[in-house]
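Remarks on the structure that follows.
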Amino acid sequence: MIPLFRKDFPSLKGDLAQALDAALHRFVQKSGPIVDLRSRVFPLVDELRINLDGAKFDSPAPPPAKVEGETALAFETPAVNVRGRNISVRGLPLNLRMEMRDVVFHKGTDATGDAVLVIHRAREGQLVISAAQLNLEEAIGRLGREKARLWGVDLERVRLAMRPRSRRSLAVDIRIQAKKFFARANIDIYAQLDISDECVANVSELKCKGDGKLGSFACGALEPLFEKLKSNTFPLKSLPLGGLQIVDVHVAVADTVELTVDFGSSPA
């Protein structure tokens with residue numbers, strides 16, 4: 001669902017492409033055009049392309065717009081392709097790719113009377129998000145050092161290793177070398193992330209082991225966070241996907257960690 005921040009819905013191909021481009025630029029830091037809408041006979045669109053290469057997402061995602069009242073046909077297209085190479089989500093480098101086939105878009109209005117664009121139906125779609133393990137390691141190290149400094153602890157080294165356990169489960173090992181004054185410690189963190197057949201994600205295991213007083217202090221400080229993470233679940237099917245539903249989710253782990261989500265319209 002995309003808010004267009006205008007009262008009237010664009011009636012021409014060029015106006016719609018500009019409106020979509022302007023709307024996406026509100027949430028994405030990227031120079032140059034984002035939207036390429038190809039159409040010979042509007043509102044029949046041959047292809048909608050969204051190019052997010054090099055984009056930065058530094059602000060929290062806005063809450064999804066809610067449609068008030070009925071919606072009507074806006075346009076339809078056999079193909080929607082979204083590409084994002086070397087994007088940055090709060091400093092974490094990622095790649096994403098999304099493809100949808102036989103997509104019907106509806107138009108409506110939100111509570112303020114602004115026009116919104118809604119994905120009404122898609123025969124099938126796939127979203128792939130990937131990140132290099134080395135980039136994830138660097139991001140975890142950067143975040144960990146920021147938090148550790150609050151306790152006067154210096155993280156001298158952070159190493160990450162991720163491996164698959166099944167097509168919907170992965171294990172994570174983080175080894176940290178920490179220092180506080182003249183004390184040093186090795187801290188080992190193990191986590192296991194599982195996604196059920198019902199597409200519910202949860203952290204099933206989360207353990208910390210550290211040597212010496214510094215290691216015990218670090219693991220003790222992390223314990224409340226670990227307990228909170230283990231008690232939470234994230235039902236992927238609860239995501240606001242409009243008329244779409246998640247069909248399958250799986251992960252693949254090598255030098256790059258890849259999450260693949262297959263989705264499509266709910267059966268009539």
Side-chain angles (χ1 to χ4, degrees), residues 1-4 13 16-39 45-62 64 77-103 105 117 119 122-143 158-164 167-168 170 172 193 195 201 234 236 239-242 244 246-264:
M1 195 174 302
I2 303 175
L4 299 182
K13 175 185 71 173
L16 176 59
Q18 290 179 8
L20 285 172
D21 200 82
L24 291 174
H25 269 105
R26 283 176 171 256
F27 309 117
V28 178
Q29 297 180 39
K30 174 180 164 65
S31 60
I34 294 176
V35 175
D36 179 14
L37 190 151
R38 304 184 178 191
S39 173
V45 175
D46 299 316
E47 183 181 12
L48 174 60
R49 293 184 180 181
I50 298 176
N51 184 344
L52 297 172
D53 290 352
K56 292 184 179 180
F57 298 80
D58 292 331
S59 301
T77 178
V80 174
N81 292 295
V82 182
R83 184 185 72 187
R85 297 178 297 191
N86 298 318
I87 68 173
S88 173
V89 179
R90 297 195 180 186
L92 175 61
L94 297 174
N95 295 302
L96 71 83
R97 183 181 75 256
M98 185 176 73
E99 299 173 351
M100 291 189 288
R101 296 291 174 260
D102 299 334
V103 189
F105 287 90
L117 185 66
I119 300 176
R123 178 171 56 83
E124 62 181 8
Q126 185 178 77
L127 170 67
V128 180
I129 302 173
S130 61
Q133 287 210 44
L134 288 176
N135 288 337
L136 293 173
E137 178 181 275
E138 182 180 331
I140 291 172
R142 182 172 61 252
L143 179 61
V158 177
R159 290 292 179 263
L160 170 71
M162 305 177 74
R163 60 187 185 279
R167 70 187 302 271
R168 291 201 187 101
L170 60 86
V172 181
L193 174 66
I195 302 173
F234 186 65
L236 299 176
L239 292 172
L241 300 176
L244 307 179
I246 292 177
V247 177
D248 189 23
V249 180
H250 62 273
V251 294
V253 183
D255 292 340
T256 297
V257 182
E258 188 172 273
L259 172 70
T260 300
V261 181
D262 297 315
F263 58 89

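The first residue in the sequence is number 1, and the count goes up from there.
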His25 side chain to Lys30 main-chain N or O, any donor-acceptor pair under 3.5 Å? yes

Donor-acceptor pair, distance only, cut-off 3.5 Å: does the side chain of Asp21 make one with the backbone of Val35? yes

Hey, are the side chains of Ile246 and Val261 touching, using non-hydrogen atoms and a 4.5 Å cut-off? yes

For residues Leu37 and Lys13, determine if any side-chain heavy atom of one lies less than 4.5 Å from a side-chain heavy atom of the other. yes

Residues Val45 and Pro78: closest non-hydrogen pair is O-CD, 3.1 Å

State the CD1-CD1 distance between Ile2 and Ile119, to the nearest 0.5 angstrom. 7.0 Å

For Ala55 against Val28, the heavy-atom pair lying closest together: CB-CG1, 3.3 Å

Any donor-acceptor N/O pair, Arg85 side chain to Asn51 backbone, under 3.5 Å: no

Is there a side chain to side chain contact (heavy atoms under 4.5 Å, CB included) between Arg101 and Asn81 once you walk through the steps? CA-CA 9 Å; Arg101 296 291 174 260; Asn81 292 295; 3.7 Å; yes

Report yes or no: does Thr256 contribute a side-chain atom to a donor-acceptor pair with the main-chain N or O of Ala132 at less than 3.5 Å? no

Residues at least two apart in sequence or cross-chain that pass side chain to side chain donor-acceptor pair (under 3.5 Å) with Arg83, listed by chain then number, are Asp53

For the side chain of Glu258 and the backbone of Ala252, is there at least one donor-acceptor N/O pair under 3.5 Å apart? no

Quick one: side chain to side chain donor-acceptor pair (under 3.5 Å) partners of Gln29, sequence neighbours excluded? Asp58

Could you tell me which residues satisfy side chain to side chain donor-acceptor pair (under 3.5 Å) with Arg163, sequence neighbours excluded, listed by chain and number? Asp173

Work out which heavy atom in Leu92 is nearest to a heavy atom in Arg142; give both atom names and the distance. N-NH2, 4.3 Å

Looking only at heavy atoms, the pair that brings Ile195 and Ala201 closest together is CG1-CB, 4.1 Å

Measuring from Ser130:OG to Leu259:CG, what's the distance to the nearest 0.5 Å? 10.0 Å

Is the closest side-chain heavy-atom distance between Gln133 and Val257 below 4.5 Å? yes

Gap between atom CZ of Phe27 and atom CD1 of Ile34 - 0.5 Å precision: 11.0 Å

Pair Leu96-Val128, side chain to side chain contact (heavy atoms under 4.5 Å, CB included): steps then yes or no: CA-CA 6 Å; Leu96 71 83; Val128 180; over 6 Å; no

Which residue, Leu134, Leu136, Asn135, forms the side chain to side chain contact (heavy atoms under 4.5 Å, CB included) with Pro93? Asn135

Which heavy atom in Gly54 sits nearest to a heavy atom in Ile87, and how many Å separate them? N-CG2, 4.3 Å

Hey, is Asp248 close enough to Arg168 for a salt bridge, meaning N to O under 4.0 Å? yes

Measuring from Asp46:CG to Thr77:OG1, what's the distance to the nearest 0.5 Å? 7.0 Å

Just how far is it from atom CG of Asp36 to atom CZ of Arg49, taken to the nearest 0.5 Å? 6.0 Å

With a 4.5 Å heavy-atom cut-off, do Arg97 and Val82 have their side chains touching? no

Shortest non-hydrogen contact from Phe263 to Gln126? CE2-N, 3.5 Å

Before you tell me yes or no, could you show the steps for Val172 and Leu160 under side chain to side chain contact (heavy atoms under 4.5 Å, CB included), namely the whole-Å CA-CA distance, both residues' side-chain angles and the distance that decides it to 0.1 Å? CA-CA 7 Å; Val172 181; Leu160 170 71; 3.4 Å; yes

Quick check against the 3.5 Å criterion: does Asn95 have a side-chain atom that pairs as donor or acceptor with the backbone of Asn86? yes

For the atom pair OG1 (Thr260) and CD1 (Ile129), what is the distance rounded to the nearest 0.5 Å? 9.0 Å

